[in-house]
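Both backbone and side-chain heavy atoms feed into the values below; hydrogens, waters and symmetry mates do not. Sequence positions, counted from 1, serve as the residue numbers for this chain.
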Amino acid sequence: MTFLSILFALLIEQLKPLRADNVIYMQIQTLATKIEASFNAGKAKHGRLGWWTMVGLLTVPTALIHYLCLRFSPFAAFIWNVIIVYLTLGFRRYSHYFTSIQLALSSGDEDAARRFLAEWTHRDTSDMDVSEISRITIESALIATHRNVFGVFFWFLMPVGPACAVMYRVAEYLARAWTEPDHMKNEEFGIYATKVFYWIDWIPARLTAVAFAVVGNFEDAVYSWRNYADRWADEVVGIILSAGGGALGVRLGEPEEKAMVLQADASAVDVDSLELESQPGAEASPRALQSAVGLVWRALLLWMLLLLLLSFAIWV
């Protein structure tokens, strides 16, 4: 049932992608804002209480409906699984940005590519050249694919799969919503949301990196993962981008900046005097965007194949 639920949800999403500004997501964002306003008293413990309240309000009803569907009919449980996977997956949710950027760069319209990238990532892209646009586009695609697809896959495989998938997506959203906005930066309220999502995403992130390595350049992916992942400020981002970049043969991210700062702090030397080994691979280019699409699709097929084999083994 798990394999079929994911398969049907993926097929439905290919035909009818769920918009990022759909009603359900907007309601969840409104709920998160209300909980933050009600619980945020400036302490980390308030963030912990707010996080469990938010997650409980969404996962407990999901689990209860799943249980009732199982008691009523396996087919009802299957339909509920498909609905939840469809709502939590996001394989096509941001693909229009990626496609638009790819087409703009192919036609030489750099201004349009910068505009699409700014809408997607909310970054200042006015001074970016083609290589930087391509690099950030690939980085955003790999991270979005992990958090909107592979992370959901992993948690959907857990007991009470629909509730676990909802928990993962809500935890991922709260880690951003309660730490990234200007008024929330450096506040203790969002510390717990960041820490708990780190552990929730610990295994899925590494499985995603393994999938990229298996379907791409394995040796370069593993080498980059082992030698460069810890240079990113965000460990999970470092693992995914170092492995993904190695699998593609493309240099992603700017991890040397963090590494230089760390070494400067340790040795009390001037940062400008430090020289670090460059990452393997070529600079990102518009052609690399197509390679990234192939990498993601191959990784998705690998996950689906492994899930099919697992389902078959359990059935036998």
Side-chain angles (χ1 to χ4, degrees), residues 17 19-22 25-26 29 33 90-148 172-173 175-187 190 194 224 228 231-238 240-242 244-246 248-262 264 271-272 274 276 278-296:
R19 292 173 55 90
D21 59 351
N22 65 84
Y25 279 19
M26 296 301 293
Q29 293 174 11
T33 301
F91 191 63
R92 290 283 308 278
R93 193 169 302 145
Y94 303 102
S95 62
H96 63 285
Y97 283 121
F98 187 94
T99 302
S100 298
I101 294 170
Q102 185 178 14
L103 292 175
L105 291 179
S106 298
S107 62
D109 192 348
E110 297 178 17
D111 291 335
R114 293 189 187 96
R115 185 173 65 254
F116 290 129
L117 183 60
E119 292 177 5
W120 184 11
T121 63
H122 305 290
R123 298 187 185 188
D124 181 9
T125 61
S126 57
D127 296 328
M128 292 185 180
D129 57 16
V130 172
S131 177
E132 190 171 7
I133 293 172
S134 301
R135 176 178 64 80
I136 295 178
T137 300
I138 294 173
E139 293 172 3
S140 301
L142 295 182
I143 296 298
T145 300
H146 163 68
R147 292 176 175 172
N148 291 277
E172 186 273 332
Y173 172 71
R176 291 184 290 108
W178 288 354
T179 58
E180 293 182 0
D182 291 337
H183 72 284
M184 295 293 293
K185 288 181 178 178
N186 302 320
E187 282 202 11
T194 302
S224 296
Y228 296 95
R231 296 188 179 185
W232 270 266
D234 188 316
E235 178 182 328
V236 169
V237 171
I240 295 172
L241 294 187
S242 60
L248 290 169
V250 175
R251 292 196 299 272
L252 298 180
E254 297 176 346
E256 289 84 357
E257 182 177 348
K258 181 202 173 189
M260 293 173 73
V261 172
L262 290 177
V271 171
D272 294 332
L274 294 173
L276 296 174
S278 299
Q279 297 178 78
E283 286 191 2
S285 65
R287 179 174 295 182
L289 297 181
Q290 187 59 42
S291 299
V293 172
L295 181 74
V296 169

side-chain hydrogen bond (donor to acceptor under 3.5 Å, both in side chains) partners for Tyr25, two or more places apart: Arg93
Heavy-atom closest contact (Ser126 atom, Asp124 atom, distance): OG-OD1, 2.9 Å
Nearest-0.5 Å distance that lies between atom CD1 in Ile101 and atom OG1 in Thr121: 7.5 Å
Residue list, salt bridge (charged side-chain N to carboxylate O under 4.0 Å, His left out) with Glu172, at least two apart or on another chain: Arg169, Arg176
Over all atoms of both residues, closest heavy-atom pair of Ala288 and Ile138: CB-CD1, 3.7 Å
Ser134 and Leu105, any side-chain heavy atoms less than 4.5 Å apart: yes
Atom pair CD1/NE2 of Ile240 and His146 - distance to nearest 0.5 Å: 4.0 Å
Salt bridge (charged side-chain N to carboxylate O under 4.0 Å, His left out) against Asp111, all qualifying residues, sequence neighbours excluded: Arg114
Residues forming a salt bridge (charged side-chain N to carboxylate O under 4.0 Å, His left out) with Glu235, sequence neighbours excluded: Arg206
Derivation of the side-chain contact (heavy atoms from CB on, under 4.5 Å) call for Trp178 and Glu187: CA-CA 9 Å; Trp178 288 354; Glu187 282 202 11; over 6 Å; no
Qualifying residues under salt bridge (charged side-chain N to carboxylate O under 4.0 Å, His left out), relative to Arg287, sequence neighbours excluded: none
Neighbour count above 12 (heavy atom, 6.0 Å) for Glu283 CD: no
Spatial distance of atom OH (Tyr173) from atom CD (Gln29) [nearest 0.5 Å]: 4.0 Å
Other residues, nucleotides, ligands: >12 heavy atoms within 6.0 Å of Asp129 CG: yes
Ring geometry between Tyr97 and Trp120 (parallel below 30°, tilted from 30 to 60°, perpendicular above 60°): parallel
With sequence neighbours excluded, residues passing side-chain hydrogen bond (donor to acceptor under 3.5 Å, both in side chains) with Ser95: Arg92
Derivation and outcome, side-chain contact (heavy atoms from CB on, under 4.5 Å), residues Thr137 and Leu289: CA-CA 8 Å; Thr137 300; Leu289 297 181; 3.9 Å; yes
For Gly244 against Leu142, the heavy-atom pair lying closest together: CA-CD1, 4.1 Å
Ser107 side chain to Ala104 backbone, donor-acceptor under 3.5 Å: yes
OG1 on Thr125 to CD on Glu119, rounded to 0.5 Å: 9.5 Å
side-chain contact (heavy atoms from CB on, under 4.5 Å) assessment of Glu110 paired with Val130: CA-CA 7 Å; Glu110 297 178 17; Val130 172; 3.2 Å; yes
Non-hydrogen side-chain atoms of Met128 and Ile136 separated by less than 4.5 Å: yes
Approximate separation, where rounding is to 0.5 Å, of Leu252 CG and Ser242 OG: 9.0 Å
Audit row: Val293, Phe98, side-chain contact (heavy atoms from CB on, under 4.5 Å) steps and yes/no: CA-CA 9 Å; Val293 172; Phe98 187 94; 3.2 Å; yes
Heavy-atom pair of closest approach, residues Leu248 and Ser291: CD2-O, 3.4 Å
